[in-house]
Asks: 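Questions regarding the structure given below will be posed in turn.
Reminder, nothing fancy here: chain letters follow the sequence lines and each chain counts from 1. Scope of the values below: all heavy atoms of this structure, side chains included, with no hydrogens, waters or symmetry mates.
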2 protein chains.
Amino acid sequence: MRSVPGSLISESGAEAVTPPSFLDDGKNTIASQLVSQLREAIISGQLEAGSKINLDRAKQSFNVSLSPLREALARLISDGLVEFEDNRGYRVSPVSLSNLEEITSLREEFETYALRESMRVGDVEWEGNIMRALHRLNRTERDASRPETLEQWEAVHREFHLTLISGCRKPLLLSFCKTMLNLNDRYRRTFLTRTSGDRNVSVEHSEIAQGTVARDMDYACDRLREHIHRTGTNLRKHLAEKGIA
Amino acid sequence: MRSVPGSLISESGAEAVTPPSFLDDGKNTIASQLVSQLREAIISGQLEAGSKINLDRAKQSFNVSLSPLREALARLISDGLVEFEDNRGYRVSPVSLSNLEEITSLREEFETYALRESMRVGDVEWEGNIMRALHRLNRTERDASRPETLEQWEAVHREFHLTLISGCRKPLLLSFCKTMLNLNDRYRRTFLTRTSGDRNVSVEHSEIAQGTVARDMDYACDRLREHIHRTGTNLRKHLAEKGIA
DNA sequence: TTGTCTTAAATCATCGATTATTTGTCAAGC
DNA sequence: GCTTGACAAATAATCGATGATTTAAGACAA
């Protein structure tokens, strides 16, 4: 096993509980592991938005050679997390107000559409998954003073939103939503280090979940849209504070 | 310059008019050229849907070494044209009825949304681009007996649909639409070798364009949605004929 | 025949070294 | 002082070879 640089890789990530070695998670190759590591490093903000990715340095940081590194970066383009230019190499996708606004808009459109579809064709197992995800989210504390709880919360929060729309039977749509959620989470994890107390987000989540399993399409979609919109507005303020256009 | 295999690469693609050598098209590296070549090979059906991509053979076909080939394939994952599995390599994304149906649905949603946004914020130049694209499309003949005209038509048709929504100022949305259009075109180029005479597609395009520049949102979006839906229905029939589930 | 184990071949993944391109520096000329 | 061009350093891109894994084939026993 390669050694990983402590400064770049968090061992305590939410999904990073050491997997039972008999379970094959399908991440056998260096390139695939790098995809996960780089993705986490970018979303968490460890790799600064807009910064150039120096291949030699990254190679050394991750103790890998060029081939898997380049391949991993190429795959991350699909996630919208890195950009590439011929002979100029890779860079972390920059953040901007307009980018955040687009992400918010698209989340509103895509996720409400996916939610509606899920309510149309989702089965009982899907409903159960939602209730479980909601429960886990409610039981996960978000304490700004302890970073590891923030990471944990991000993970279950992400899982909740994905579970909501996981019944829609549209794999391409789901992958788009996942991408948008990734990009959105980067903004939250980068700019929303402390919890904002003016919202009862937990209630919002419950309303969305309840409306969804009740198959009340308009109610659930409205609540979801509001929820996404509020998050966007909230983040926008924090971007403005840090002077990001 | 590397030699390219005639059997796999079409020199006469619509956008492939030999570029003036002083103009830098940003496709300087082997990897980037491979992306274009492979994309075209897949969309055109030269690389069979679902088939495994043998790296050794591909390497020889394209006269390249492994590194740029792997990198190009990794980038193509974002386009939904290629799938990957650790230690099992790359394969051309398979086609299926459900995949086609999802693509059609998503095109309806995404493109009408993008069209509405474009009508909301698009400028005069955008309007002009639409009229030009429409004109070029109308002037391009689609003769089933001459394959090169089919390719030419595909190119201007694609250009028309992208121009329609190019005014929306949402780059992420545009890239998703591009991806869906790619996937859709693969179905048409693979399964719709002869023109179906029962539709006057040209009129449909004109209606969409006219409604758009008139900023008649509901009319334009309805026409576009119908257009996409009909295309989907049409393709579905052809898939059924060939016994594809 | 069927199933399973072993081994060989094919194929994928990775590495270290080499080549090509870009970027930075500095001096000559205007 | 400013531009231009040559050179050097840094960085990206590619290659050929090696290592790891999967797949295919054959031998053998139930």
Side-chain angles (χ1 to χ4, degrees), chain A residues 1-5 9 19 21-39 42 47-48 50-77 81-93, chain B residues 1-5 9 19 21-39 42 47-48 50-77 81-93:
Chain A
M1 189 55 175
R2 288 163 304 114
S3 72
V4 287
I9 304 307
S21 56
F22 54 85
L23 256 180
D24 192 340
D25 64 349
K27 300 279 178 67
N28 295 315
T29 62
I30 297 179
S32 292
Q33 292 175 298
L34 274 177
V35 170
S36 305
Q37 295 181 358
L38 285 165
R39 183 188 288 123
I42 293 173
L47 256 49
E48 193 191 357
S51 68
K52 197 160 163 1
I53 297 174
N54 182 300
L55 293 174
D56 272 328
R57 278 194 285 278
K59 192 168 81 115
Q60 295 191 353
S61 293
F62 290 96
N63 264 44
V64 297
S65 106
L66 230 51
S67 324
L69 178 61
R70 291 187 66 98
E71 193 165 336
L73 288 168
R75 283 191 223 162
L76 278 173
I77 297 177
L81 293 170
V82 309
E83 298 179 349
F84 171 81
E85 196 178 350
D86 270 352
N87 288 321
R88 306 277 303 270
Y90 294 87
R91 70 172 51 244
V92 182
S93 296
Chain B
M1 188 59 174
R2 290 164 303 114
S3 73
V4 289
I9 304 308
S21 56
F22 54 83
L23 255 180
D24 192 339
D25 63 349
K27 298 281 179 64
N28 295 316
T29 63
I30 297 181
S32 292
Q33 293 175 298
L34 274 176
V35 169
S36 305
Q37 295 181 357
L38 284 164
R39 183 187 288 124
I42 293 172
L47 256 47
E48 194 190 357
S51 67
K52 195 161 166 357
I53 297 174
N54 182 299
L55 293 174
D56 273 329
R57 277 194 287 277
K59 190 168 80 114
Q60 295 193 354
S61 293
F62 290 96
N63 263 49
V64 298
S65 107
L66 231 49
S67 322
L69 178 61
R70 291 188 67 98
E71 192 165 336
L73 287 168
R75 284 191 223 161
L76 278 172
I77 296 177
L81 293 170
V82 160
E83 297 180 350
F84 172 81
E85 195 178 350
D86 271 352
N87 288 320
R88 306 276 303 268
Y90 293 88
R91 71 171 52 244
V92 182
S93 296

Asks: What's touching nucleotides 10-12 of chain D from the protein side, N or O pairs under 3.5 Å?
Replies:
unit_1, atom_1, unit_2, atom_2, d
D/dT11, OP1, A/Asn54, ND2, 3.4
D/dT11, O5', A/Asn54, ND2, 3.4
D/dA12, OP1, A/Lys52, NZ, 2.6
D/dA12, OP2, A/Leu55, N, 3.1

Asks: B/Leu69 CG to C/dT11 C1': how many Å, rounded?
Replies: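 Result: 13 Å.
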Asks: Is any side-chain nitrogen or oxygen of A/Ser67 closer than 4.0 Å to OP1 or OP2 of C/dT14?
Replies: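 So the side chain of A/Ser67 is outside the cut-off, no N or O lying under 4.0 Å from OP1 or OP2 of C/dT14.
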Asks: For B/Ala74, give me all partners under side chain to side chain contact (heavy atoms under 4.5 Å, CB included), at least two apart in sequence or on another chain.
Replies: A/Glu71, A/Ala74, A/Arg75, B/Tyr90
Asks: Going by side-chain hydrogen bond (donor to acceptor under 3.5 Å, both in side chains), name the residues that satisfy it together with B/Ser65, two or more places apart in sequence or in a different chain.
Replies: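 Result, side-chain hydrogen bond (donor to acceptor under 3.5 Å, both in side chains) vs B/Ser65: none returned.
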Asks: With rounding to the nearest 0.5 angstrom, report the CG to CD1 distance, A/Leu38 to A/Ile53.
Replies: 6.5 Å
Asks: Could you state the CD1-P distance from A/Ile30 to C/dA13, rounded to the nearest angstrom?
Replies: 11 Å
Asks: Evaluate the side-chain proximity of B/Ile77 to B/Glu83: yes if any heavy-atom separation is below 4.5 Å, no if none is.
Replies: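 The answer is no, as the side chains (C-beta and beyond) never meet within the 4.5 Å cut-off.
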Asks: Return the CG to CG distance between A/Asp56 and A/Leu69, rounded to the nearest 0.5 Å.
Replies: 9.5 Å
Asks: Give me the atom names and distance for the closest heavy-atom approach of B/Leu34 to B/Ala72.
Replies: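 In this case the closest contact between B/Leu34 and B/Ala72 is CB-CB, 3.6 Å.
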Asks: To the nearest Å, give me how far apart CG (B/Asn63) and C1' (D/dC15) are.
Replies: 13 Å
Asks: Check the distance between C/dA13's P and B/Glu71's CD and give it to me in whole angstrom.
Replies: 15 Å
Asks: What is the separation between atom NZ on B/Lys59 and atom P on C/dT14, rounded to the nearest whole Å?
Replies: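 Interatomic distance, NZ of B/Lys59 to P of C/dT14: 17 Å.
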